[in-house]
Amino acid sequence: MALKKDIRSLSKEELRSFFTSIGQQAYRGNQVYEWLWKKSVHSFDDMTNLTKEQRAMLADKYVINHIRVDQMQRSSDGTVKNAVRLHDGLIVESVLIPTDTRSTACVSSQVGCSLDCKFCATARLKRMRNLNPDEIYDQVVALDKESRHFYGRPLSNIVFMGMGEPLMNYKNVVQAVNLITSDDGLGMSPKRITISTSGVPKMIRQLADEGLKVKLAVSLHSAIDDIRTEIMPFNAKMDLGQLRSSLEYWYSKTKSRITYEYVVWEGINDKGSDIEALIEFCRFAPAKVNLIEYNPIDDGLYVQADDQVIKAYVKALESNGITVTVRRSRGKDIDAACGQLANKSTA
Ligand code: SAH
């Protein structure tokens, strides 16, 4: 039997044409589109303003490949992690990170990852496939529901910092952002969305041209090529020079400040020369540094540098006029923190 097509791969226009092609009115396409996105229904039977015949006809021809939250874990600090089952049985994870004033959704863009960052759990799973736009959208909807349920407020922010490299699934991530921000979807402001990349220069340029108005975060971790290549081997092919020029382009086009994510490890990037290189890298475009706490994923190969070194980073960055925040990890007890996704629930 031929596989039925996922109805959410159709645009609103395509849905309208589908109805006219079978001799029915185009506005039925608008109704279906609204059920699929704004109302996020899982079944054709829920589309109550269509006739029974229309619902049956759609179910005969199409499927709605909705995600399923298989397991939800809640951390002692309030962080929520969802193990999300996709229609083909693969699993990704997404995380809700509440603070006093915000609810941030951290979503996955790929099953596994094709990059090879030595310190990241997701990198150990090979990339199985890209997520479709609806699979990214559904993660946001699920976390929004949980935020309303547990914290009495909708999501305030979305970060593409879950599993995968969003810029290696460029088209689907852009489409997901368009759906999330559209009035036909969730109507969220793009300014509240951050795409985090390990630094793919060609795609950063494309994103700059896209005009999405999202924020950009770059997982830098070192501003010295040899060191960065050691911890993020793909840097041998996409080095800091290329990264820098793509970011100059990003800033010239968007005028949007860049965030650098940075972990400080003992014996890797804990020297004065590392700090100087980072400060230098922050000069060519307005930048902010997030010093992220390391979440160990292995047998002690990488160890977070001690507080003195972190303080030295903060002091040097601040005295050079660069905004820096030190981010404490959230959700560690349920393996929901940065770099831990895929540790347990997909093992
Ligand atoms: N691929 C994207 C998004 C996923 S990773 C990217 O690289 O930006 C989200 C963030 O977690 C990145 O900044 C990444 O460098 C960081 N990270 C990965 N493993 C980590 C770990 N074990 N501890 C702390 N941060 C980690």
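Just follow the structure's listing: the first ligand is 1, and inside any ligand the first atom is 1.
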Part of T197 within contact of ligand 1 (heavy atoms, under 4.0 Å):
backbone

Quick check: does [X] get an N/O under 3.5 Å from an N/O on ligand 1?
{"X": "V263", "result": "no"}
{"X": "G162", "result": "no"}
{"X": "Y294", "result": "no"}

Tell me which protein heavy atom sits closest to [atom], plus the residue, atom name and distance to 0.1 Å.
{"atom": "atom 19 (N) of ligand 1", "result": "G339 CA, 3.0 Å"}
{"atom": "atom 23 (N) of ligand 1", "result": "N295 N, 3.0 Å"}
{"atom": "atom 9 (C) of ligand 1", "result": "M161 O, 3.6 Å"}
{"atom": "atom 2 (C) of ligand 1", "result": "S196 O, 3.3 Å"}
{"atom": "atom 11 (O) of ligand 1", "result": "C338 CB, 3.4 Å"}
{"atom": "atom 6 (C) of ligand 1", "result": "S219 OG, 3.3 Å"}
{"atom": "atom 10 (C) of ligand 1", "result": "E261 OE2, 3.8 Å"}

Which of the atoms of ligand 1 are close to [X], meaning less than 4.0 Å from one of its heavy atoms?
{"X": "S198", "result": "6 (C), 7 (O), 8 (O)"}
{"X": "F119", "result": "15 (O), 18 (C), 19 (N), 20 (C), 21 (C), 22 (N)"}
{"X": "C120", "result": "18 (C), 19 (N)"}
{"X": "G164", "result": "1 (N), 2 (C), 3 (C), 4 (C)"}
{"X": "H221", "result": "14 (C), 15 (O)"}

Counting N and O atoms only, with roles assigned by atom type, does the side chain of [X] sit under 3.5 Å from a partner on the main chain of [Y], one being a donor and the other an acceptor?
{"X": "Q54", "Y": "T51", "result": "yes"}
{"X": "K81", "Y": "D335", "result": "yes"}
{"X": "Q304", "Y": "Y294", "result": "yes"}
{"X": "S147", "Y": "R153", "result": "yes"}
{"X": "K12", "Y": "V32", "result": "no"}
{"X": "D306", "Y": "Q308", "result": "yes"}

Residue of the set R68, R8, R129, R85 for which salt bridge (Lys or Arg N to Asp or Glu O under 4.0 Å) holds with E135:
R129

Under the side chain to side chain donor-acceptor pair (under 3.5 Å) definition, can you give me all pairs with a residue in residues 197-206, not counting sequence neighbours?
E165-T197, E165-S198, R205-S245

Smallest heavy-atom separation, V92 atom then M163 atom, equals CA-SD, 3.9 Å

Could you pull out the closest heavy-atom pair between K118 and E230, with the gap in Å?
CG-O, 3.6 Å

Consider ligand 1: state whether an atom of it lies below 4.0 angstrom from any non-hydrogen atom of E293.
yes

Taking salt bridge (charged side-chain N to carboxylate O under 4.0 Å, His left out) as the test, write out the residues that go with R16, two or more places apart.
E13

